[in-house]
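Structure first, commentary second.
The structure displayed is predicted, hence computed values, not measured ones. Both backbone and side-chain heavy atoms feed into the values below; hydrogens, waters and symmetry mates do not. The sequence lines fix the lettering, A, B, ..., with proteins before strands; numbering per chain opens at 1.
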Amino acid sequence: MRLITWNINSLRLRLPLLQRLIEEQAPDVICLQETKVPDPLYPQDALAELGFPHQLYRGMKSYNGVTILSRTPLEAVADTPDWCGKTDCRHVAATIQTKSGPVTIHNFYVPAGGDIPDPQENDKFAHKLAFLEEATAWFKANPPKRSILVGDLNIAPLEHDVWSHRQLLKIVSHTPPETSRLIDWMKAGFEDAMRKAIPEPEKLFTWWSYRNRDWKKSNRGRRLDHIWTTPDILPGLNTIEVLSPVRDWTSPSDHVPVLMDIAL
DNA sequence: ATGGTTGCAAGGCAA
């Protein structure tokens, strides 16, 4: 199975880029975050025409929004939590059938957390930490099997997941309260497939700010997007590729797609 | 230390 995860930063605006990505990479499953489209306006027909008639989506006006697209049928996972009681469209999960049996895919968009890394001063940071703790508790209570978890987790956990470990330790996305919670969450049943394929100390980034004149030259990136799998399916891992050239396509997202080939 | 850019949707907010 070829899976791509991508924070597309507006599904409707970037449908042409998604089409190019599909034509070039021919994925079987696509997980998108920051679709920024309310469910009634979701482009069902356009995505079906691109080869993805099976769609699970949870969107809202202006913000957030996640979707899973598949060439083959998806079955929505029932009874997923309403994280932090906010109904803010940050998680969708589905099961698909493979030769070796069903596999469950979780697609997350973790709160970015604002600018100030202090939960007392910044409600958005408090929300981020609470979200991470809720997710950890839920997976501990519901141990995952034959599962893939992807998404924009808005945290770069390892030293070489950021352009400068030292300069980012107090910057939201790389602070110890976040990175320790993200690793706790992963240890609730998953392994880091991206780092399995591309271990430290190789630098690995999936996001480059819009606020840099030349993203490639300054290369101040972070690994905010992740692919985790449960250990039972990880031996099938064949390829992880960060599709960095997409950052140079016309009117790009600030995140690039990450691709995984896994034998299932 | 600050500001730099983008999307949504029509002025700021979130990232």
Side-chain angles (χ1 to χ4, degrees), chain A residues 5-21 31-43 46-47 57-67 83-84 86-91 107-119 121-132 150-157 161-164 166-175 177-179 181-182 205-226 244-258:
Chain A
T5 180
W6 189 21
N7 178 323
I8 194 169
N9 188 16
S10 176
L11 173 55
R12 286 174 293 176
L13 187 69
R14 279 185 246 288
L15 265 175
L17 278 72
L18 183 60
Q19 175 169 8
R20 178 173 169 187
L21 181 69
C31 298
L32 301 173
Q33 306 86 36
E34 281 206 270
T35 55
K36 296 185 174 178
V37 58
D39 289 346
L41 299 178
Y42 186 90
L47 293 167
Y57 48 87
R58 186 166 288 157
M60 58 191 278
K61 189 176 171 175
S62 300
Y63 301 112
N64 310 331
V66 285
T67 184
W83 305 100
C84 301
K86 285 185 179 287
T87 61
D88 57 355
C89 307
R90 294 181 178 278
H91 175 224
N107 181 16
F108 275 96
Y109 175 55
V110 170
D115 287 332
I116 303 165
D118 179 344
E121 282 186 51
N122 173 4
D123 290 343
K124 292 202 282 275
F125 194 72
H127 176 213
K128 185 176 196 176
L129 298 184
F131 190 104
L132 296 166
V150 305
D152 176 4
L153 306 185
N154 264 316
I155 297 171
D161 292 341
V162 293
W163 63 276
S164 169
R166 185 179 61 81
Q167 291 180 80
L168 287 174
L169 270 171
K170 292 180 179 174
I171 302 297
V172 171
S173 74
H174 195 58
T175 69
E178 298 166 79
T179 56
R181 280 170 178 78
L182 190 73
F205 308 149
T206 65
W207 171 90
W208 292 264
S209 172
Y210 284 127
R211 304 177 195 182
N212 279 21
R213 221 158 274 209
D214 185 335
W215 70 274
K216 205 182 289 179
K217 188 176 176 190
S218 57
N219 197 24
R220 295 188 168 189
R222 306 178 198 170
R223 182 170 72 115
L224 303 181
D225 303 275
H226 296 269
S244 306
V246 176
R247 189 65 179 75
D248 269 338
W249 290 3
T250 306
S251 190
S253 170
D254 45 355
H255 296 252
V256 297
V258 184

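- Side-chain atoms of Y42(A) and T67(A) include a donor-acceptor pair closer than 3.5 Å.
- In this structure, D248(A) places its CG atom 17 Å from P of dT5(B), rounding to the nearest Å.
- Stacking of R220(A) on the aromatic ring of W163(A) is recorded, both the 6.0 Å distance cut-off and the 45° axial limit being met.
- Atoms CG (D88(A)) and P (dC13(B)) sit 19 Å apart, rounded to a whole Å.
- R14(A) comes within 4.0 angstrom of sugar-phosphate atoms only, judged by non-hydrogen atoms across all strands, and of no base.
- When each of dA9(B), dT6(B), dA15(B) is scored by its nearest atom to the side-chain atoms of R211(A), the top-ranked nucleotide is dA15(B).
- Straight-line distance from the CZ atom of R12(A) to the C1' atom of dT6(B): 16 Å, rounded to whole Å.
- Note on S209(A): nothing from the nucleic acid sits closer than 4.0 angstrom, heavy atoms only.
- The CG-P distance, from D254(A) to dT5(B), rounds to 14 Å in whole Å.
- The residue among N154(A) and S251(A) whose nearest nucleotide of DNA chain B is located toward the 5' end is S251(A).
- For the C1' atom pair drawn from dA14(B) and dA1(B), the interatomic distance equals 22 Å after rounding to whole Å.
- Taking atom C1' in both dA9(B) and dA15(B), one finds a spacing of 16 Å when rounded to whole Å.
- One atom, OH of Y210(A), and another, P of dA14(B), lie 18 Å apart when rounded to the nearest Å.
- Remark: the backbone N or O of L32(A) is paired with a side-chain donor or acceptor of N107(A) at under 3.5 angstrom.
- Residues D225(A) and W6(A) bring no donor and acceptor atom of their side chains to less than 3.5 Å of each other.
- Distances shorter than 4.0 Å separate some side-chain N or O of K124(A) from OP1 or OP2 on dA14(B).
- One interatomic measurement links the two molecules: NZ of K36(A) to C1' of dC13(B), which rounds to 10 Å at whole-angstrom precision.
- Summary of the strand contacts: P252(A) and Y109(A) both lie near DNA chain B, and taking for each the nucleotide with the nearest heavy atom, the more 5' one is attributed to P252(A).
- One finds a side-chain N or O of S62(A) lying less than 4.0 angstrom from the OP1 or OP2 phosphate oxygen of dA9(B).
- Spacing between dG7(B) and dG3(B) at atom P, rounded to whole Å, works out to 22 Å.
- Of the possible donor and acceptor atoms, none in the side chain of R181(A) sits under 3.5 Å from a partner among the backbone N and O of A130(A).
- L17(A) places its CG atom 14 Å from the C1' atom of dT6(B), with the value rounded to the nearest Å.
- When the P atom is compared between dG4(B) and dC8(B), the two are found 22 Å apart, to the nearest whole Å.
- Here dC8(B) presents its P atom at 11 Å from OH of Y63(A), a figure rounded to the nearest Å.
- dT6(B) sits 15 Å from dA10(B) when the C1' atoms are compared, rounded to a whole Å.
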